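To keep things clear, I will list the structure first and then write my remarks on it.
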Amino acid sequence: MPETSVDSPMINAIGVHKRFGALEVLRGVDLTVQRGEVVAVLGASGSGKSTLLRCLNHLETVDRGTIQIAGDTLVADDGQGGVRYPADAEVRRVCRHTGMVFQHFNLFPHLTVLQNLIEAPITVKKMPRGEATALAERLLAKVGLADKRDAYPNRLSGGQKQRVAIARALAMQPEVLLFDEPTSALDPELTGEVLRTMRELAQERMTMLVVTHEMAFAREVAHRVVFMDGGQIVEDRPAKDFFADPRHERARAFLEHML
Ligand SMILES: Nc1ncnc2c1ncn2[C@@H]1O[C@H](COP(=O)(O)OP(=O)(O)OP(=O)(O)O)[C@@H](O)[C@H]1O
Ligand SMILES: [Mg+2]
């Protein structure tokens, strides 16, 4: 089994290409995210942000390129215009380095909050139920929802659902969290509580890659901004430099529209 090196970047993507039929959605994406870094992914609709995240978490396969997560290879360029994925068990193991938080929460509606949190640790990680429950309770307290332990998701506000979804991702003890527009489905008054939780995770040095339209979050919490256009990263800079002086013409237009 490959060794995970503490010195490896948490995410290392090189030359990633992805097409859906005739549509080339990722056109050679290079992205490195270091341990403890918070990176915001910005870009217009259709620029490939979600597809990039989904490739990193193996919800989509790539056509070309190499992806390493925490030093382990998820997919490698085969040098002949294609790629090589390791055996399924190894792919699953590498994927457990990452957790994903979706725009629409994706909680299991027929399970209570606690059951949502312990399901994967028990079934996937074979964690003893008592240990999984204790961990879940700690995480619910952390996101401020200890009292919702036995509620069903349909009894929660959108902001509460998203905090449960974050706790559920954390219950698998991933090394990096991928967020795809975690506040886009929320009413404005509920986004603050989710952003506060994410800010706390950032302060704890959780590695996070966050697709977001929350410019305040990107500006205040992200260390770096990557801006995507047409399936490529066209700007990758410290957040404060990006916001002070976006270089790419599409990034400028995007910011003018957003602010
Ligand atoms: N499963 C799919 N099959 C076919 N085309 C797809 C699929 N998923 C995404 N696409 C297309 O790929 C392109 C990039 O989509 P993607 O969802 O990655 O964009 P995005 O940057 O996340 O956009 P948004 O800001 O609207 O979420 C779009 O043209 C989209 O229609
Ligand atoms: Mg998207």
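Both ligands and their constituent atoms are indexed starting at 1 by order of listing. Since we're looking at a predicted model, the values are computed, not measured.
- Of the N or O atoms in S47, one or more lie within a sub-3.5 Å distance of an N or O in ligand 1.
- The shortest contact between atom 12 (O) of ligand 1 and any protein heavy atom is with V25 CG2, 3.2 Å.
- The residue M228 has no part lying near ligand 1, judged by heavy-atom distances below 4.0 Å.
- There is no protein heavy atom closer than 4.0 angstrom to atom 31 (O) of ligand 1.
- With salt bridges taken as basic N to acidic carboxylate O contacts below 4.0 Å, none links R64 and D77.
- Taking a 4.0 Å cut-off on heavy atoms, E181 registers as neighbouring ligand 1.
- Here is the list of ligand 1 atoms found below 4.0 Å of a heavy atom in A44: 21 (O).
- Looking only at heavy atoms of the protein, atom 15 (O) of ligand 1 is closest to T51 OG1, 3.8 Å.
- A salt bridge links R250 to D229: one of the charged nitrogens lies within less than 4.0 Å of a carboxylate oxygen.
- Residue contacts with ligand 1 do not include G21, since none of its heavy atoms lies under 4.0 Å from the ligand.
- For the pair K240 and F243, the cation-pi criterion (under 6.0 Å, within 45° of the ring axis) is not fulfilled.
- The aromatic rings of F254 and H213 are tilted relative to each other, their planes meeting at an angle between 30° and 60°.
- For atom 26 (O) of ligand 1, the closest heavy atom belonging to the protein is S45 OG, 2.6 Å.
- The protein atom (non-hydrogen) at minimum distance from atom 17 (O) of ligand 1 is S50 CB, 3.7 Å.
- No option in I67, V94, V91 other than V94 meets the side chain to side chain contact (heavy atoms under 4.5 Å, CB included) test with D72.
- Here is the list of ligand 1 atoms found below 4.0 Å of a heavy atom in L23: 11 (C), 29 (O).
- Residue G48 has at least one nitrogen or oxygen atom sitting less than 3.5 Å from a nitrogen or oxygen atom of ligand 1, judged on distance alone.
- Looking at G46 next to ligand 1, an N or O pair under 3.5 Å apart turns up.
- A salt bridge does not link R205 with E37: every distance from a Lys NZ or Arg NE/NH1/NH2 to an Asp or Glu carboxylate oxygen is 4.0 Å or more.
- Each of R92, E119, M172 was compared with V124 under the side chain to side chain contact (heavy atoms under 4.5 Å, CB included) criterion, and only M172 meets it.
- Of all protein heavy atoms, the one closest to atom 6 (C) of ligand 1 is F20 CD1, 3.2 Å.
- Transitive grouping of hydrophobic side chains (ILVMFWY, heavy atoms separated by less than 4.5 Å) brings V143 and V221 into a common cluster.
- Side-chain contact between L74 and C95 is present, with at least one heavy-atom pair separated by less than 4.5 Å.
- Counting backbone and side-chain atoms alike, S50 contributes an N/O/S atom closer than 2.8 Å to the Mg ion (ligand 2).
- At the shortest separation from atom 25 (O) of ligand 1 among protein heavy atoms lies K49 NZ, 2.7 Å.
- By the 6.0 Å and 45° rule, R237 does not stack over the aromatic ring of F242.
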